[in-house]
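Data block below; observations after.
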2 protein chains.
Amino acid sequence: MPSAPRPQPPRATAGREAGREAVEHLASALSEAGLPPLPARVWAALLSDSDGRMTAVELTEALQVSAAGVSGAVKYLVQVGWVRREREPGGRKDVYVAMDDVWHSLLLRSDQVYGPIIRALDEGVTAAPDAQARERLAESREFLVFVGEEMAGMARRWEARKRERAPRHTEGGRRSR
Amino acid sequence: MPSAPRPQPPRATAGREAGREAVEHLASALSEAGLPPLPARVWAALLSDSDGRMTAVELTEALQVSAAGVSGAVKYLVQVGWVRREREPGGRKDVYVAMDDVWHSLLLRSDQVYGPIIRALDEGVTAAPDAQARERLAESREFLVFVGEEMAGMARRWEARKRERAPRHTEGGRRSR
DNA sequence: TACAACATTCATGATTTCCTGAAAACCGGC
DNA sequence: GCCGGTTTTCAGGAAATCATGAATGTTGTA
């Protein structure tokens with residue numbers, strides 16, 4: 001229930017609605033995948049934004065959340081490496097940027113989740129009551145190691161594919177809003 | 001059920017402690033990875049058990065949790081396909097079995113998490129305000145599709161490797177406890 | 001220096017998650 | 001058909017999660 005009116009009439013209000021809806025759907029899917037709710041919404045908004053750069057105020061307006069919420073969500077996203085914080089040289093407001101290599105980092109981050117499990121499995125292998133359990137635990141461990149290796153290969157292949165598609169890293173064109 | 005649970009003090013009680021600790025560590029790592037706490041503990045216990053088969057009573061004793069908790073945790077694990085429920089032909093108690101192809105299913109399950117995100121990104125692409133956002137969303141979508149394909153290949157390679165290591169599927173030898 | 005614009009921290013309240021105890025449902029065997 | 005053993009359902013409460021408002025901190029500018 002959109003209790004808040006809508007003090008943003010100048011822009012084309014037609015596609016706007018669909019855009020907001022798409023953002024929320026994407027946020028919902030990301031949240032389902034494990035991202036906390038507000039970070040998911042912020043990330044979805046940034047990814048759907050024209051130049052992928054938004055200030056805190058823009059985010060509060062677009063998502064109808066408090067400044068504190070945006071602060072916390074952005075802090076989270078920066079920590080996991082999905083967003084970087086920039087400061088316009090002359091200005092006093094931060095601008096948050098959706099990082100373009102997130103997916104790559106997502107693949108590498110798998111180490112952080114598999115690593116502890118592998119170590120725990122190691123411990124389990126040495127503490128196993130008998131050969132049967134030892135073998136079962138060892139196979140699980142082997143699988144996770146395998147996945148880690150595959151992830152690395154996957155990251156390489158993705159990089160190659162991306163590079164092939166866009167020979168020049170078209171980084172320029174950053175415009176202030 | 002015999003009031004004296006098991007006449008298994010002959011076993012080395014020394015390693016027992018280390019075993020329980022290893023189970024808890026593994027459970028903790030799995031929980032960190034996204035599994036709910038009690039299902040994580042149940043799964044860790046099953047994986048570390050000698051023949052990977054435990055009854056509800058054994059689980060309640062080993063983990064010091066209520067029967068209701070075990071019931072719920074097992075229900076969860078069965079739904080996600082990590083455990084299967086068996087009934088000893090002559091007996092009246094269920095026995096829960098750690099499935100040996102969980103890892104394979106883990107890879108396939110990625111579809112269930114990526115699918116919704118991909119669909120949301122599709123929606124975002126059509127609703128995007130301009131070409132810049134459209135391109136960014138499209139690249140994300142492409143990455144997720146790529147990951148899905150890679151996962152499939154990964155599953156194949158793991159299957160091949162496993163088959164190569166153990167030509168015969170050594171399924172026999174299931175003994176009652 | 002004081003002020004204004006932003007951003008962050010912290011305590012609070014709302015919501016959700018998670019396990020427990022108790023009662024109910026199930027199921028062979030007597 | 002009744003009983004003991006076993007599992008499931010369900011309401012409840014403890015604990016974690018999350019976003020908010022108000023206060024505090026930070027930074028550029030008049």
Side-chain angles (χ1 to χ4, degrees), chain A residues 1 3-4 23-24 27-28 30-46 53-80 83-97 176-177, chain B residues 1-6 24 27-28 30-46 53-80 83-97 176-177:
Chain A
M1 66 327 257
S3 59
V23 166
E24 291 304 330
S28 166
L30 291 169
S31 178
E32 201 73 20
L35 221 55
L38 193 45
R41 297 183 67 207
V42 166
W43 170 249
L46 280 176
R53 303 166 57 82
M54 296 179 78
T55 66
V57 181
E58 290 175 318
L59 286 169
T60 60
E61 288 173 353
L63 303 177
Q64 296 290 341
V65 292
S66 70
V70 169
S71 176
V74 162
K75 181 179 183 180
Y76 176 91
L77 289 170
V78 167
Q79 276 186 342
V80 299
V83 157
R84 78 166 171 277
R85 182 196 315 272
E86 284 185 3
R87 172 77 52 133
E88 303 276 350
R92 45 200 167 298
K93 56 179 67 172
D94 288 346
V95 48
Y96 305 107
V97 187
S176 77
R177 308 182 63 85
Chain B
M1 169 238 291
S3 58
R6 276 272 101 186
E24 292 304 330
S28 166
L30 291 169
S31 180
E32 201 73 19
L35 222 55
L38 192 47
R41 297 184 67 206
V42 166
W43 169 247
L46 280 175
R53 304 165 57 83
M54 296 178 78
T55 66
V57 181
E58 289 175 318
L59 285 169
T60 60
E61 289 173 354
L63 303 177
Q64 295 290 342
V65 292
S66 70
V70 169
S71 176
V74 162
K75 180 177 182 180
Y76 175 92
L77 289 170
V78 167
Q79 276 187 342
V80 300
V83 157
R84 77 167 172 278
R85 183 196 315 272
E86 285 185 1
R87 173 77 54 138
E88 303 275 352
R92 46 200 165 296
K93 56 179 67 173
D94 288 346
V95 49
Y96 305 108
V97 187
S176 73
R177 309 180 60 83

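This is a predicted model, so every value here is computed, not measured. Residue numbers begin at 1 in each chain, while the letters A, B, ... track the order of the sequences.
- Rounded to an integer number of Å, the gap from CD of B:E32 to C1' of D:dT17 is 15 Å.
- Taking atom CD of residue A:Q79 and atom P of nucleotide C:dT8, one finds them 12 Å apart after rounding to whole Å.
- Between B:K93 atom NZ and C:dC27 atom P the separation is 17 Å, expressed in whole Å.
- Between A:Y96 and A:R53 there is no side-chain heavy-atom pair separated by less than 4.5 Å.
- Straight-line distance from the CG atom of A:L59 to the P atom of C:dT8: 12 Å, rounded to whole Å.
- Summarising the geometry, the separation between CD on A:Q64 and C1' on D:dT20 is reported as 14 Å, rounded to the nearest angstrom.
- For B:S66, taking side-chain heavy atoms from C-beta onward, the closest of the listed nucleotides C:dT20, C:dC19, D:dG21 is C:dT20.
- Within 4.0 Å of A:Y96, counting heavy atoms only, lie sugar-phosphate atoms of the nucleic acid but no base atom.
- Distances shown here put a side-chain N or O of B:K75 below 4.0 Å from the OP1 or OP2 atom of D:dT9.
- A straight line from OH of B:Y76 to P of C:dC19 spans 11 Å, rounded to a whole angstrom.
- Residues B:Y76 and B:L35 form a side-chain contact, since some pair of their non-hydrogen atoms from C-beta on lies under 4.5 Å apart.
- Between B:R85 and D:dT8, a side-chain N or O to OP1/OP2 separation shorter than 4.0 Å is present.
- B:R41 places a side-chain N or O within 3.5 Å of a backbone atom of B:L63 that can act as its donor or acceptor partner.
- Remark: P of D:dT7 and CG of B:L77 are 15 Å apart, rounded to the nearest angstrom.
- Atoms CG and CE, on A:L59 and A:M54 in that order, are 4.5 Å from each other to the nearest 0.5 Å.
- If you check every strand for non-hydrogen atoms under 4.0 Å, A:V65 touches sugar and phosphate atoms only.
- Between A:L77 and A:P39, the shortest heavy-atom contact is CD1-O, 3.7 Å.
- Closest-nucleotide positions on DNA chain D for A:A67 and B:V70 were compared, and the one nearer the 5' end corresponds to B:V70.
- Here A:A56 lies in heavy-atom contact (under 4.0 Å) with sugar-phosphate atoms only.
- Distance A:R92 CZ to C:dA4 C1': 8 Å, rounded to the nearest Å.
- Side-chain atoms of B:V57 lie closest to D:dT7 of the nucleotides C:dA7, D:dT7, C:dG21.
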